[in-house]
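Here's the structure, in structure tokens; my notes come after.
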Amino acid sequence: TGAPQDRQFRRYSYDPDEGRNNVDWISTAGSLAAWVTAEGKPWVASDIRVDKLFAQDEEHISAGLVSRVSVPLRLRNLSLGTLSLLSRQPNAYSESVIPDLNQVADQIALALERARLLNETRAALSHAEATYPRYLCTVWKGYLIDCPHNRGYRARHHELTEQVELWMPDIERAVSE
């Protein structure tokens with residue numbers, strides 16, 4: 001599904017001047033990220049100062065970023081987001097980088113999907129680990145209450161003897177808990 005124009009994307013970026021990673025949220029309204037995600041097509045701009053087409057263009061220009069390329073993060077025919085590169089150099093990117101960036105973007109999308117599936121699996125395992133003991137306790141209580149308890153066997157001194165009225169205090173305590 002394409003990205004609705006009123007949603008937000010989480011933006012991960014690296015600032016080489018400051019040598020640090022940045023994470024923030026950006027609006028998709030009128031953004032290149034929204035267009036690339038919705039259309040599922042790459043975008044190359046050799047100099048965004050010439051044609052300011054997207055909402056963040058002024059912000060990029062004021063930061064000294066003038067050329068960019070953006071490709072969709074695709075997983076099976078779905079666009080999950082974008083991989084975008086920006087440069088202070090005009091004409092830093094051309095159509096020739098798109099095949100390589102598509103390969104990188106596809107690997108990122110696959111890694112994101114695997115992380116999502118791992119989180120789902122961990123949540124399901126956590127739920128099962130919490131639920132199974134309660135289920136097992138309920139089943140055993142039902143069994144202990146419903147089964148005939150007047151027969152059993154006791155082993156003493158290498159001898160096995162049949163016991164009647166085998167309902168023991170331990171069983172009573174287990175059923176009542």
Side-chain angles (χ1 to χ4, degrees), residues 1-140:
T1 63
Q5 293 295 314
D6 60 348
R7 293 188 53 198
Q8 290 190 336
F9 283 139
R10 182 169 238 163
R11 176 173 55 186
Y12 299 91
S13 59
Y14 175 75
D15 187 335
D17 293 336
E18 295 181 19
R20 67 184 186 114
N21 294 317
N22 300 308
V23 179
D24 60 346
W25 290 91
I26 61 169
S27 172
T28 62
S31 72
L32 174 62
W35 186 89
V36 170
T37 301
E39 296 295 319
K41 298 177 185 175
W43 181 274
V44 177
S46 58
D47 193 337
I48 62 174
R49 296 172 296 187
V50 176
D51 292 314
K52 298 173 192 155
L53 301 174
F54 298 101
Q56 286 83 21
D57 286 354
E58 282 298 332
E59 178 186 341
H60 295 318
I61 292 167
S62 67
L65 302 167
V66 295
S67 64
R68 73 172 158 220
V69 60
S70 187
V71 296
L73 297 174
R74 288 184 294 238
L75 182 68
R76 295 181 214 87
N77 300 332
L78 291 177
S79 287
L80 306 177
T82 63
L83 170 63
S84 298
L85 303 177
L86 293 101
S87 175
R88 289 183 165 81
Q89 300 296 321
N91 302 310
Y93 307 109
S94 67
E95 299 281 335
S96 66
V97 300
I98 289 176
D100 291 335
L101 286 179
N102 277 333
Q103 285 185 344
V104 172
D106 290 346
Q107 292 300 312
I108 291 170
L110 186 59
L112 290 171
E113 176 67 1
R114 286 181 177 169
R116 184 189 68 77
L117 292 172
L118 179 61
N119 286 338
E120 280 184 11
T121 301
R122 285 181 175 159
L125 178 61
S126 177
H127 178 72
E129 287 173 340
T131 304
Y132 183 71
R134 288 184 296 210
Y135 165 76
L136 193 58
C137 185
T138 302
V139 170
W140 270 108

Between the CG atom in Leu136 and the CZ atom in Arg134, the distance rounded to the nearest 0.5 Å is 12.5 Å
dist Gln103:CD -> Ile98:CD1 (nearest 0.5 Å) comes out at 13.0 Å
Tested for side chain to side chain contact (heavy atoms under 4.5 Å, CB included) against Leu73, the lone hit among Thr82, Asp106, Leu112 is Leu112
To the nearest 0.5 Å, atom CD of Glu113 lies from atom CG of Leu117 at 4.5 Å
Distance col, row Gln56:CD vs Ser84:OG, nearest 0.5 angstrom, shows 10.0 Å
What one should report as the nearest heavy-atom pair of Ala92 and Ser67 is CB-OG, 3.3 Å
Are Ile48 and Arg68 close enough that some pair of their side-chain heavy atoms sits under 4.5 Å apart?
yes
Nearest heavy-atom approach of Arg88 to Val66 is O-CG2, 3.3 Å
Is any side-chain heavy atom of Trp43 less than 4.5 Å from a side-chain heavy atom of Leu53?
yes
Is it the case that the side chain of Ser126 and the backbone of Arg122 share a donor-acceptor pair, with hydrogens and angles ignored and the cut-off at 3.5 Å? no
**OP:** Kindly indicate whether the side chain of Val36, heavy atoms from C-beta on, has any atom under 4.5 Å from the side chain of Val71.
**Re:** no
To the nearest 0.5 Å, atom CG of Leu125 lies from atom OG1 of Thr121 at 8.5 Å
To the nearest 0.5 Å, atom CG of Leu65 lies from atom CG of Leu85 at 11.0 Å
Short side-chain to backbone donor-acceptor contact, Thr37 and Ala34, under 3.5 Å: no
Q. Under 4.5 Å between any side-chain heavy atoms of Leu83 and Gln107, yes or no?
A. no
Exercise. Got a donor-acceptor contact below 3.5 angstrom from the Asp57 side chain to the Phe54 backbone?
Worked result: yes
Here the pair of heavy atoms bringing Arg74 nearest to Ser79 is CG-OG, 4.0 Å
